[in-house]
There are 2 protein chains.
Amino acid sequence: MSGPSKGQVLTRSIEDYLKAIYELEQDGSPAQTSAIAGALDVAPPSVSGMVKRLSEAGLLQHVPYRGVQLTEEGRKAALRMVRRHRVVETYLTTKLGYDWDSVHEEAERLEHAVSDELIERMAMALGSPRYDPHGAPIPSRDGAIEQQSFVALADVPVGDVAELRMVSDKDAERLRFIGSLGLKPGVSFEVLARQPFRGPTTIGLTAAPSKEQVIGHELAESLLCVVVEREVG
Amino acid sequence: MSGPSKGQVLTRSIEDYLKAIYELEQDGSPAQTSAIAGALDVAPPSVSGMVKRLSEAGLLQHVPYRGVQLTEEGRKAALRMVRRHRVVETYLTTKLGYDWDSVHEEAERLEHAVSDELIERMAMALGSPRYDPHGAPIPSRDGAIEQQSFVALADVPVGDVAELRMVSDKDAERLRFIGSLGLKPGVSFEVLARQPFRGPTTIGLTAAPSKEQVIGHELAESLLCVVVEREVG
DNA sequence: TTTGAATTTTAGGCTCTCGTAACTACCGGA
DNA sequence: TCCGGTAGTTACGAGAGCCTAAAATTCAAA
């Protein structure tokens with residue numbers, strides 16, 4: 001008795017797998033076993049086993065040795081988790097004074113425990129926010145999510161003015177550092193210089209142009225931006 | 001490698017068992033296997049198995065065929081869960097518009113997922129409340145809990161004025177009905193009449209004396225009160 | 001004091017999810 | 001085309017936590 005059916009009982013583990021697979025699929029291409037194992041911090045054979053079960057449950061399609069892709073049903077379940085995670089993160093920062101670097105861990109546990117009703121009440125209390133504190137879009141109740149295309153700060157040409165839009169929520173230390181630079185989603189800045197050979201980028205915040213910030217290449221690759229004003233010339 | 005040790009990793013199941021056992025011990029006498037099984041909706045052999053593990057972990061003492069008693073460590077862990085449960089219930093009703101009859105189920109899941117920090121932030125946001133929406137005392141962070149002695153409404157003599165103090169949070173339907181009578185912790189009333197043979201009690205709310213309420217015996221046994229004014233004579 | 005009902009425990013099994021070890025498939029380079 | 005390294009899978013096993021059936025214990029009533 002398997003196959004696609006309504007009202008699956010999803011365990012915590014299954015919810016974690018679906019969300020991880022969804023996030024891996026966002027980088028194009030099917031999610032690979034080792035990538036899933038890495039994201040969930042389990043051994044690859046554990047993933048093979050779970051993938052088999054999820055595939056039998058109709059939540060994803062598995063091509064052996066090639067990777068997995070969520071089915072419509074699996075994607076929906078994954079987006080439900082993503083919505084929960086991001087609503088919780090937003091609630092904790094807005095209403096309970098959490099810093100943006102500490103909400104991820106808490107949300108990671110709460111997303112499995114909250115009811116749909118609680119999520120809707122939180123969203124309501126927040127005025128149905130569209131983005132979480134890290135700039136990630138919050139899927140709607142019915143699983144629609146804004147598709148975005150950003151440029152990493154590392155790829156914004158010198159001279160352009162850009163706005164920071166989104167940062168990964170997974171690394172607390174990185175978030176603290178970014179915050180200490182005065183950066184958060186919505187902040188705009190001009191790219192003043194960049195050293196070659198994957199060297200650092202220098203920016204000047206629009207709000208405080210006098211204070212320049214130097215940002216290493218690796219970090220600059222993780223800061224997702226939109227260009228607001230292209231350099232003339 | 002067992003015995004009392006700091007920093008146990010308590011599973012959800014273990015947390016449930018400890019809380020259930022704590023609550024059963026409140027009615028005096030050690031908690032019995034079947035009572036625990038009933039409270040958690042599992043079969044008695046499951047309880048025997050878990051009791052063995054908890055006893056080996058030093059969280060309770062087990063006298064075969066006689067029942068179990070929490071150790072200091074077990075009691076502390078149980079009270080931590082009780083605090084979580086009641087803070088969450090209070091938060092949901094006060095800050096997110098939940099009714100007092102629907103919070104129990106939600107808190108039952110959240111109590112396993114929230115961090116100590118989140119509980120303290122919720123308590124802070126609420127002004128460190130001493131009672132939950134059902135009148136139950138909230139244990140302090142260090143596991144101190146107010147010991148109360150109440151009289152069931154069914155035992156309050158006719159003519160006395162009493163105040164409702166506490167109601168079980170477990171039965172949503174009962175809570176809805178109690179609420180529909182205008183009753184909640186803090187409401188006071190005069191006991192106007194009581195029929196014999198475990199018959200109903202008639203009360204008149206102090207706030208609206210004209211409107212009398214008739215309350216069946218079973219319900220009256222579950223309404224925990226303090227007598228505010230004893231009948232003269 | 002004996003017996004029988006009720007309660008508790010033991011025995012044995014199942015599912016879920018994880019792990020390690022061993023085997024298989026894929027793919028790029030010689 | 002072959003060969004080896006990497007990635008993926010299968011085989012097997014462990015622990016948690018639940019179950020049913022059977023055995024053991026308790027206790028009260030005859």
Side-chain angles (χ1 to χ4, degrees), chain A residues 1-3 5 8-21 24-25 27 29-69 74 77 81 108-109 111-113, chain B residues 1-3 5 8-21 24-25 27 29-69 74 77 81 108-109 111-113:
Chain A
M1 259 328 91
S2 62
S5 65
Q8 305 252 2
V9 183
L10 304 182
T11 65
R12 261 155 258 273
S13 261
I14 291 176
E15 289 177 343
D16 281 336
Y17 275 88
L18 293 176
K19 188 166 69 117
I21 292 167
L24 288 168
E25 278 183 352
D27 316 337
S29 72
Q32 305 209 280
T33 300
S34 55
I36 301 169
L40 296 174
D41 198 27
V42 297
S46 304
V47 175
S48 284
M50 179 61 90
V51 157
K52 174 174 279 178
R53 269 174 283 150
L54 295 182
S55 154
E56 280 164 3
L59 291 162
L60 51 76
Q61 289 189 299
H62 180 217
V63 182
Y65 292 97
R66 283 298 149 77
V68 301
Q69 269 188 301
M81 297 315 293
E108 203 66 19
R109 276 176 285 104
E111 65 188 8
H112 303 295
Chain B
M1 261 318 102
S2 61
S5 65
Q8 305 253 359
V9 182
L10 304 182
T11 65
R12 264 155 256 273
S13 260
I14 291 176
E15 290 177 342
D16 281 336
Y17 275 86
L18 293 176
K19 187 166 69 117
I21 292 167
L24 288 167
E25 278 183 351
D27 316 337
S29 71
Q32 305 210 278
T33 300
S34 57
I36 300 169
L40 296 173
D41 198 27
V42 299
S46 305
V47 175
S48 285
M50 179 60 92
V51 157
K52 174 175 280 176
R53 267 176 284 154
L54 295 183
S55 154
E56 280 164 3
L59 292 163
L60 51 77
Q61 288 189 298
H62 179 216
V63 181
Y65 292 97
R66 282 298 149 77
V68 302
Q69 269 187 301
M81 297 315 293
E108 203 66 17
R109 275 174 288 104
E111 64 188 11
H112 303 295

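In this text, all values refer to a predicted model and were calculated from it rather than measured experimentally. Throughout, a chain's letter reflects where its sequence line sits, starting with A, and its residues are numbered from 1.
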From CA spacing to verdict: side chain to side chain contact (heavy atoms under 4.5 Å, CB included), B:Tyr17, B:Val47: CA-CA 9 Å; B:Tyr17 275 86; B:Val47 175; 4.1 Å; yes
B:Gln69 to B:Pro30 - nearest heavy-atom pair and separation: CG-CB, 4.1 Å
Atom-to-atom span, CG of B:Leu40 to P of D:dG17 - whole angstrom: 12 Å
Nearest listed nucleotide, side chain of A:Tyr65, among D:dA16, C:dT17, C:dT24: C:dT24
Student check: side-chain heavy atoms of B:Val68 and B:Ile36 closer than 4.5 Å: yes
For atom NE2 of B:His112 and atom P of D:dG17, their distance in whole Å: 12 Å
Whole angstrom value for the distance that separates C1' of C:dT8 from CZ of B:Arg66: 11 Å
Qualifying salt bridge (Lys or Arg N to Asp or Glu O under 4.0 Å) pairs with a residue from residues 40-54 of chain B, counting only residues at least two apart or across chains: none
Spacing of B:Leu54 atom CG relative to D:dA16 atom C1', expressed in whole Å: 12 Å
Residue-phosphate contact under 4.0 Å: B:Arg53 side-chain N/O, D:dC18 OP1/OP2: no
Flag side-chain contact, heavy atom, 4.5 Å: B:His112 against A:His112: no
Presence of B:Ser13 side-chain N/O under 4.0 Å of D:dA16 phosphate oxygens OP1/OP2: no
Residue closer to the 5' end of DNA chain C, A:Arg12 versus B:Pro64 (nearest nucleotide): B:Pro64
Intermediate values then yes/no, side chain to side chain contact (heavy atoms under 4.5 Å, CB included), A:Asp16 and A:Glu111: CA-CA 10 Å; A:Asp16 281 336; A:Glu111 65 188 8; 4.0 Å; yes
Nucleic acid contacts - residues 43-52 of chain B versus DNA chain D, non-hydrogen atoms under 4.0 Å: B:Ala43, B:Pro45, B:Ser46, B:Met50
Presence of B:His62 side-chain N/O under 4.0 Å of C:dT9 phosphate oxygens OP1/OP2: yes
Residue-level proximity of residues 29-38 of chain A to DNA chain D when a heavy atom falls under 4.0 Å: A:Gln32, A:Thr33, A:Ser34
Separation of D:dA16 P from B:Leu10 CG (nearest whole Å): 13 Å
Minimum side-chain heavy-atom gap B:Val51-B:Thr33 below 4.5 Å: no
Nearest-angstrom distance from the residue atom CG of B:Asp41 to C1' of D:dG17: 14 Å
Value in whole Å for how far the C1' atom of D:dA7 lies from CG of A:Leu24: 15 Å
